[in-house]
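One structure is given here, and the rest of the page talks about it.
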Amino acid sequence: MNMDELRSMAVFARVIEKGSMNAAAQSLGITPSAVSQHLRRLEQRHGVTLLQRTTRKLTLTEAGQLFYQGCAAMLAAARQAEQQLSALRDAPVGELRISAPSGLAGGVLSSALAPLLEANPGLSLRLFFHDEMVDLLELQIDLAIRAGKLKDSSLVARHLADWHFVICASPVYVAKHGLPQTPAELLQHDWVGVAAHEGLSRLQLTRGAETVTLSMPPRISSNNILSARAFVLEGLGLSLQPEPEVRKELAAGLLQPVLSEWSLPELPLWMVTPRREGQPAKVRHAMLVLQAALGGERHL
């Protein structure tokens with residue numbers, strides 16, 4: 001079955017729906033003779049008469065009635081597929097697949113996306129947390145959040161935010177070991193490092209025109225920032241953490257900033273999508289809520 005026959009089937013169904021060849025031709029934007037040719041080709045191909053034609057009306061034969069049911073079902077399926085595409089384009093529905101660094105698993109991402117899910121019952125969410133780069137096409141990822149410098153690729157990247165880092169410690173650790181008063185004193189303290197994040201064990205602190213660079217040998221090293229944060233909360237050392245990810249802990253007094261008068265380099269966050277002509281509504285809406293919740297982060 002080729003496209004010409006599918007078109008002829010659609011024309012045949014439209015003739016039945018409209019009740020005449022002239023009405024069908026007008027609704028399809030073709031001539032009545034073109035409609036007649038489509039019907040004739042169908043009858044010749046299948047070797048049956050589909051319609052009994054008189055000057056006053058068209059009557060379906062038994063074969064025509066059976067054939068029309070199949071044609072009508074085909075058109076209904078096509079219309080349903082078109083409606084589903086329109087729904088994907090116009091409203092957030094279906095499964096939204098998002099990849100993000102593991103640090104965002106601590107609640108930052110869920111807080112940002114919860115209102116979108118609450119407002120759109122037809123939308124479901126599947127999250128993938130990876131600190132390494134993943135193939136968006138292989139995993140069918142709709143939207144990825146990536147941190148740091150991006151490599152050139154065929155993906156489309158949009159800047160989301162610039163996050164500050166903060167050196168932090170728990171009150172338990174501070175009570176036992178004291179607070180460093182200068183960058184050099186950091187070397188006298190236990191350090192919890194994150195191996196998967198390039199540059200986090202190498203500190204560059206700036207205060208006015210003064211810059212100090214330190215290489216911090218970790219007592220504890222983890223490839224997961226949430227794991228490193230857990231050790232800091234237990235009082236086992238100092239660590240460098242993205243300020244938005246530990247904002248609640250800082251506000252609650254579970255963590256406290258160290259050397260807060262010194263600034264640290266910012267971490268750029270990006271929203272990355274596969275290159276497409278038109279993004280589904282679920283992706284567009286997710287990007288809007290993420291931009292509103294996480295975009296423009298500049299603190300401390």
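Both backbone and side-chain heavy atoms feed into the values below; hydrogens, waters and symmetry mates do not. All of these numbers come straight from a predicted model, not from anything done at the bench. Position 1 is the first residue of the sequence, and the numbers go up from there.
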Determine whether [X] and [Y] make a side-chain contact, defined as any pair of heavy atoms from C-beta on separated by less than 4.5 Å.
{"X": "N120", "Y": "V93", "answer": "no"}
{"X": "L116", "Y": "L123", "answer": "yes"}
{"X": "L155", "Y": "L136", "answer": "yes"}
{"X": "L60", "Y": "I16", "answer": "yes"}

Problem - Chi angles and distances behind the salt bridge (charged side-chain N to carboxylate O under 4.0 Å, His left out) call for E245, R229 - result: CA-CA 10 Å; E245 292 183 13; R229 191 177 305 155; 2.5 Å; yes

Heavy-atom neighbours of [X] [atom1] exceed 12 at 6.0 Å:
{"X": "F129", "atom1": "CZ", "result": "yes"}
{"X": "Q188", "atom1": "CD", "result": "yes"}
{"X": "E62", "atom1": "CD", "result": "no"}
{"X": "Q65", "atom1": "CD", "result": "yes"}

Problem - H38 versus E5, side-chain donor and acceptor atoms under 3.5 Å - result: no

Practice task
Would you kindly say whether H164 and E243 are connected by a side-chain donor-acceptor distance under 3.5 Å?
Solution key: no

Exercise for the section: List for me each residue that meets ring pair (Phe, Tyr, Trp, His ring centres under 6.0 Å) alongside W270, sequence neighbours excluded, and say none if there are none. Expected result: H159

Practice task
Indicate yes or no: does E95 engage K282 in a salt bridge with an N to O separation below 4.0 Å.
Solution key: no

Exercise for the section: Could you tell me whether R14 and E17 have a side-chain N and a carboxylate O separated by less than 4.0 Å? Expected result: yes

Problem - Shortest non-hydrogen separation from H130 to S99 and the atoms involved - result: CD2-OG, 4.0 Å

Problem - Minimal non-hydrogen separation, M287 against R158, with atom names - result: CE-CD, 3.0 Å

Handout entry: Parallel, tilted or perpendicular: rings of F12 and Y68 (30°, 60°)
Key = perpendicular

Practice task
Among L160, V283, V156, find the one that has a side-chain contact (heavy atoms from CB on, under 4.5 Å) with M271.
Solution key: L160

Exercise for the section: Check for a donor-acceptor pair, side chain of Q181 on one end and backbone N or O of L179 on the other, with a separation under 3.5 Å. Expected result: yes

